[in-house]
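Every chain is numbered from 1 and lettered A, B, ... according to where its sequence line falls, protein lines coming before strand lines.
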Number of protein chains: 2
Amino acid sequence: MDTAPSHRLPTLDEVAERAGVSRSVASRAINNEINVSPAKRDAVQRAVEELGYVPNRSARALATNRVGAVVLAVSTSHPGAFADAFFAQIIYGISSALERTDFTLTLVLAGSPEGSAKLKRIVRSRRADGIMLMNLHGGDPLAKLAEQTAMPVVFGGRPLGGEPRWYVDVDNRGGARLATEHLVDGGYRRIATITGPLSLDVAEARYCGFRDAMAVAGLSPDRVEHADFTEAGGAAAMTRLLRAHPDLDAVFAASDNMAAGALGVLRAHGRAVPDDVGVVGFDDLRIAQLTYPQLTTIHQPVQALGEEMTRMLLAIVDGARPTPLLLPTRLVVRGRVISTWCT
Amino acid sequence: MDTAPSHRLPTLDEVAERAGVSRSVASRAINNEINVSPAKRDAVQRAVEELGYVPNRSARALATNRVGAVVLAVSTSHPGAFADAFFAQIIYGISSALERTDFTLTLVLAGSPEGSAKLKRIVRSRRADGIMLMNLHGGDPLAKLAEQTAMPVVFGGRPLGGEPRWYVDVDNRGGARLATEHLVDGGYRRIATITGPLSLDVAEARYCGFRDAMAVAGLSPDRVEHADFTEAGGAAAMTRLLRAHPDLDAVFAASDNMAAGALGVLRAHGRAVPDDVGVVGFDDLRIAQLTYPQLTTIHQPVQALGEEMTRMLLAIVDGARPTPLLLPTRLVVRGRVISTWCT
DNA sequence: CTGAAAGCGCTAACAG
DNA sequence: CTGTTAGCGCTTTCAG
C-alpha cells in the first residue's frame with residue numbers, strides 16, 4: 001500500500017500538517033509526552049503510520065545532544081586476538097541488550113594507534129553517548145582517554161591498577177578457587193598452576209584464587225609457572241613445571257588454551273590425565289571439548305558480560321549511578337568423554 | 001545536576017572568532033576546500049589545534065545529509081552462528097578498511113525480528129550511509145529491505161536467487177573445484193561429496209564446483225549427501241554415504257565442520273584417512289588443524305572479504321558505480337601432521 | 001493543553 | 001577569496 005516516495009523521507013512538519021496540529025504537538029505526541037490531548041495524539045499517531053514517519057536521528061541528536069549510540073572499543077594489539085569467539089559472544093550480548101532500545105552499537109577496534117585515534121575522535125565529536133572498553137592491559141592508553149572524557153565509560157573486566165568507577169567483571173578469583181578446589185576434592189595434593197601474564201588483571205585474579213584455595217586446603221602454592229594464555233606458552237610452562245617439580249600431581253591452567261598445551265606435554269612425558277595428573281582449565285572455550293581427554297574447566301558467562309555492561313552503560317547515560325558488577329562462574333566437569341574425531 | 005561535560009566542546013564559531021575569520025572561511029579551511037587564502041587557512045589551523053576543535057558530527061550530518069557511518073548487518077537466525085571466528089575476521093577487515101576514513105562501523109545482528117526492525121529503523125532514520133549485508137539465506141526478509149531502500153547495499157556473498165547489484169563474494173565454485181581436483185590428483189576415483197543446505201548460495205556454488213571437477217575428470221558425481229554445515233550433520237551424512245556407497249574412496253565436505261564429523265565416522269568404520277579414504281574440507285577454520293589427521297581444506301580470504309566490501313560500499317556512497325568482486329580461494333594441503341595434543 | 005519562535009552546530013548558496 | 005544569509009529537522013522554552 002505504501003506509495004512511499006523512495007527519496008524524500010517524511011518530516012515532522014508533514015506529519016503535523018497531515019494530523020492537523022502544530023509541529024510541537026506532533027513532537028510531543030511522538031515522544032510520548034503527557035501534555036497532549038488524546039484526540040490530537042491519535043491523529044498524530046495515525047499520520048505517523050500513514051506516512052511511515054521515522055524521526056531523523058541526526059536532527060534529533062543535534063537538538064538533544066543525545067546520539068543514541070554506544071561504542072564497544074576493543075583494545076587488542078595483534079590482529080588475531082579479536083578473531084576469537086569471545087568477542088562474538090560479547091557482541092551478541094550487547095546486541096541483545098540493545099534490542100529493545102533505540103540505541104545502536106558502534107564497534108571500534110582500538111588496538112592500533114589509528115584505532116585509538118578514531119575512538120578519540122568519536123568521543124570529541126560526540127558520535128556516541130557512552131563507551132564500553134574491553135580487554136585493557138596494564139597501562140593501556142585507552143585508560144587515560146577514559147579518564148579524560150566526560151563521556152560515561154564502562155569497563156569489561158577491571159584494568160590492572162585502579163578500580164574504574166564503572167565496570168562489569170567475571171568472578172575470576174572465585175572461578176580459580178572453584179577450579180583448584182575441584183582438584184583438591186579429587187584427591188590431588190601437589191597442585192601446580194600455570195598463570196597468565198600477571199600484567200593482566202584476569203591473570204592476577206586467577207592466580208589469587210588458586211592461592212586462596214591452596215591456603216584453605218593447607219597445601220603449598222609454590223608450584224607456579226607464568227605464561228601468556230596461549231597454547232604454546234602453556235606447553236612451555238608445563239615443560240618447565242615438570243622439570244622443576246617432577247612430583248606434581250595436578251595443574252590448574254588459567255586458560256583452556258594453556259591447558260591444552262599442557263595436556264600435550266604431559267602426554268609426551270608419559271603422564272596419564274587424569275590418572276597421574278589432574279588438569280583443569282579456565283574459559284570453557286570450544287577447545288576444551290576438542291582435547292583428549294576433554295577439559296574440565298571454568299565457564300564464564302561471556303554473553304551476560306556483554307549484556308550487563310550495556311545495561312549499566314545505558315543506565316549511566318540515563319543519569320543513574322550504578323555499582324560495579326561481578327558475574328559468577330561455574331565449574332564444568334568433563335573428564336574422559338571421547339570426542340567425536342579423536343577416538 | 002546533569003551529566004553534561006564540565007567544559008563545553010568548542011564550536012566552529014569559537015574557532016572562527018579565535019582565528020579572526022568568518023565562520024564560513026573557518027568551515028572551508030577545515031574541510032580543505034580550495035578557496036581560502038593560505039594566511040587564513042593557517043590561522044584556522046592554529047585555532048583548531050589550540051582549542052582542540054572537532055566538528056560535531058550530528059550537526060554536520062544534519063547539514064550534509066551524510067552521516068559517516070556504515071552498518072554491517074548480520075542475518076543469523078540462531079545465536080551460536082554469530083559466535084564464530086568468521087565474523088570476527090570480517091569485522092577486522094572492515095575495521096581496517098575504515099581506519100583511514102572518517103567512517104564508523106555500526107553493527108546490527110539482524111537475525112531476529114527485533115534486529116531486522118532495528119535495521120529498518122536505522123535506514124529510515126538515516127543513521128547510516130550504507131549497508132553491508134552478510135549471510136543471507138534464500139528468501140531472507142532483509143533482501144527485500146535492501147531492494148526497497150535508496151541506501152546503497154553491498155552483499156557479502158550472493159544471496160540465492162538473483163544477483164544483487166553490488167556484492168563481494170568468495171570464489172566458492174572455484175574453491176570446490178580445487179578441492180575436488182586435489183582428490184582426483186591424489187588418485188581417488190570414487191569421490192563423494194557432502195554439501196551444505198542448497199538453499200544457501202555458498203552450498204550451491206560448492207556443489208557446482210564439485211561437479212565441474214568431476215565432469216572434467218570424467219568421473220561420476222552421484223555420490224552425494226546433503227547436510228547443514230555442522231559437525232553433527234556431516235557425521236550423519238557420512239554415515240548415509242557409507243551405507244549408500246560403500247565403495248567410495250574419497251569425500252569432499254563443503255565445510256570443515258562437516259569434514260570433521262565425517263572423519264569421526266570414517267574412523268569408527270575402520271576406514272583410514274587418507275589411506276582408505278581421502279577427505280578434503282572447506283573454510284580453513286581452526287578446527288581443520290585440530291582434527292587427526294589435520295584437514296586438507298580450502299582457505300577463504302575472509303578478512304579481505306570484509307575489506308573489499310567496505311571499500312566497495314564507500315566508493316558507492318561516494319558516487320562510484322563499481323562492479324561486483326570475486327575473491328580467490330586457495331588449497332591448503334595438510335595431511336598427516338600430528339597436532340599437539342591428539343598424539 | 002497548544003502554538004509560535006528560538007535555537008542545536010554546521011554547510012552551502014549567494015552576493016560582495 | 002570573503003562574509004552574510006538561510007536553512008538541515010528536531011526539541012524546547014515561553015507565552016497564550
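B/Asn56 comes within 4.0 angstrom of sugar-phosphate atoms only, judged by non-hydrogen atoms across all strands, and of no base. Contacts of B/Asn31 with the nucleic acid, taken as non-hydrogen atoms under 4.0 Å apart, involve only primed sugar atoms and P, OP1 or OP2. Nucleic acid contact class of A/Thr64 (heavy atoms, under 4.0 Å, all strands): sugar-phosphate only.
Secondary-structure stems of DNA chain C, taken as three or more successive Watson-Crick or G-U wobble pairs (i with j, i+1 with j-1) under a 3.5 Å distance threshold, comprise C:1-11 with D:6-16, C:13-16 with D:1-4.
Taking atom CZ of A/Arg127 as the reference point, atom P of C/dG9 lies 17 Å away to the nearest angstrom. The interatomic distance linking B/Ile30 (CD1) with D/dT2 (P) rounds to 14 Å, in whole Å. Between B/Glu14 atom CD and C/dG9 atom P the separation is 9 Å, expressed in whole Å. The distance between atom CG of A/Leu12 and atom P of D/dG9, rounded to the nearest whole Å, is 11 Å. Here the P atom of nucleotide D/dC10 and the CG atom of A/Asn65 are 17 Å apart, to the nearest Å. Here the C1' atom of nucleotide D/dT12 and the CZ atom of A/Arg66 are 15 Å apart, to the nearest Å. Between A/Glu17 atom CD and C/dG3 atom P there is a gap of 14 Å when expressed in whole angstrom units. Distance, A/Asn32 CG to D/dT11 P: 12 Å, rounded to whole Å.
At least one donor-acceptor pair under 3.5 Å links the side chain of A/Ser125 to the backbone N or O of A/Arg121.
With distances taken from any side-chain atom of B/Lys40 to the nucleotides D/dT2, C/dA6, D/dG9, the minimum falls on D/dT2. You'll find that the side chain of A/Thr11 is closest to D/dG9, out of D/dG9, C/dA12, C/dG3. When each of D/dT2, C/dC10, D/dC8 is scored by its nearest atom to the side-chain atoms of B/Leu62, the top-ranked nucleotide is D/dC8.
By the 6.0 Å contact criterion, CZ on B/Arg321 is enclosed, its count of non-hydrogen atoms from other residues, nucleotides or ligands being greater than 12. Residue B/Glu99 qualifies as enclosed at atom CD: its count of foreign heavy atoms under 6.0 Å is above 12.
Nearer to the 5' terminus of DNA chain D, by closest-nucleotide assignment, is the contact made by B/Ser37 (compared with the other of B/Ala63 and B/Ser37). Between A/Ile34 and A/Arg23, the residue anchored nearer the 5' end of DNA chain C, judged by the nucleotide with its closest heavy atom, is A/Ile34.
Taking only side-chain nitrogens and oxygens, B/Ser58 never comes nearer than 4.0 Å to OP1 or OP2 of C/dC10. When the side-chain nitrogen and oxygen atoms of B/Ser27 are compared with OP1 and OP2 of C/dT11, one or more of them lie within a distance under 4.0 Å. For B/Ser22 and D/dT4, the shortest distance from a side-chain N or O to OP1 or OP2 is not below 4.0 Å.
The base of D/dG3 is paired with the side chain of B/Ser24 by a donor and an acceptor separated by under 3.5 Å. The base of C/dG3 sits within donor-acceptor range of the side chain of A/Arg28, with an N or O pair under 3.5 Å.
Taking the side chain as every heavy atom from C-beta outward, A/Pro55 and A/Leu12 never approach each other to under 4.5 Å.
With respect to B/Arg158 and B/Glu163, a salt bridge is recorded, a charged nitrogen being found less than 4.0 Å from a carboxylate O. Note on B/Asp129 versus B/Arg66: no salt bridge recorded, every NZ/NE/NH1/NH2 to OD/OE distance being 4.0 Å or above. Under 4.0 Å is where a charged nitrogen must lie from a carboxylate oxygen, and between B/Glu147 and B/Lys144 no such pair does.
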Using distance only, find each side-chain donor-acceptor pair of residues 44-54 of chain B under 3.5 Å and give its atom names and separation, not counting sequence neighbours.
unit_1, atom_1, unit_2, atom_2, d
B/Glu50, OE1, B/Arg18, NE, 2.8
B/Glu50, OE1, B/Arg18, NH2, 2.7

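Nucleotides C/dG9 and D/dG3 have their P atoms positioned 22 Å apart, rounded to a whole Å.
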